[in-house]
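All values below come from the heavy atoms of this structure, side chains included, with hydrogens, waters and symmetry mates left out. Position 1 is the first residue of the sequence, and the numbers go up from there.
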Amino acid sequence: MLDRVEVRLRHEKVPAAGAPGATRVEGTVDHVELELILGGDLAPEEERRLREVAHRCPVHRALTGEVVIVHR
């Protein structure tokens, strides 16, 4: 049974050149490290499934996809 969820994020701006996953080389990119801690007595399949769902949540998708900001 899942009894605890903890999410730790670390954010920093890093040079785009050489940054893992960066698609450009000029300027800086946002580098986010995420640690997902699941507490409780979970079977390996349950933990795998929870991590899979976390990667599909709307916030994760927004951060890993293209973002367009429209000023009005």
> Are Leu38 and Arg4 close enough that some pair of their side-chain heavy atoms sits under 4.5 Å apart?
Replying inline: no
> Is Val5 close to Ile37 at the side-chain level, that is, under 4.5 Å between some pair of heavy atoms?
Replying inline: no
> What pairs meet the ring pair (Phe, Tyr, Trp, His ring centres under 6.0 Å) rule with one or both residues in residues 25-72, with sequence neighbours excluded?
Replying inline: His55-His60
> Of all residues at least two apart in sequence or in a different chain, which pass the side chain to side chain contact (heavy atoms under 4.5 Å, CB included) check with Val32?
Replying inline: Leu9, His11
> For Ala16, which residues count as a side chain to side chain contact (heavy atoms under 4.5 Å, CB included) partner, sequence neighbours excluded?
Replying inline: Arg24, Val29
The criterion is side-chain hydrogen bond (donor to acceptor under 3.5 Å, both in side chains); which residues satisfy it with [X], sequence neighbours excluded?
X: Arg8; answer: Glu6
X: Arg48; answer: Glu45, Glu52
X: Glu47; answer: Arg51

>> According to a hydrophobic-cluster definition based on side-chain heavy atoms being under 4.5 Å apart (Ile, Leu, Val, Met, Phe, Trp, Tyr only), do Leu50 and Leu34 belong together?
In response: yes
> What's the verdict on side chain to side chain contact (heavy atoms under 4.5 Å, CB included) for Asp30 and Lys13, showing C-alpha distance, side-chain angles and the deciding distance?
Replying inline: CA-CA 5 Å; Asp30 292 289; Lys13 293 280 193 180; 3.1 Å; yes
> When you look at CZ of Arg56, are more than 12 heavy atoms from neighbouring residues, nucleotides or ligands closer to it than 6.0 Å?
Replying inline: yes
>> For Asp3, I'd like to know if atom CG has over 12 heavy atoms of other residues, nucleotides or ligands within 6.0 Å.
In response: yes
ILVMFWY clustering at 4.5 Å (side-chain atoms), partners of [X]:
X: Val67; value: Ile69
X: Val70; value: Val68
X: Val59; value: Leu63

> At their closest point, which heavy atom of Leu2 faces which heavy atom of Leu42, and how far apart are they?
Replying inline: N-CD2, 3.8 Å
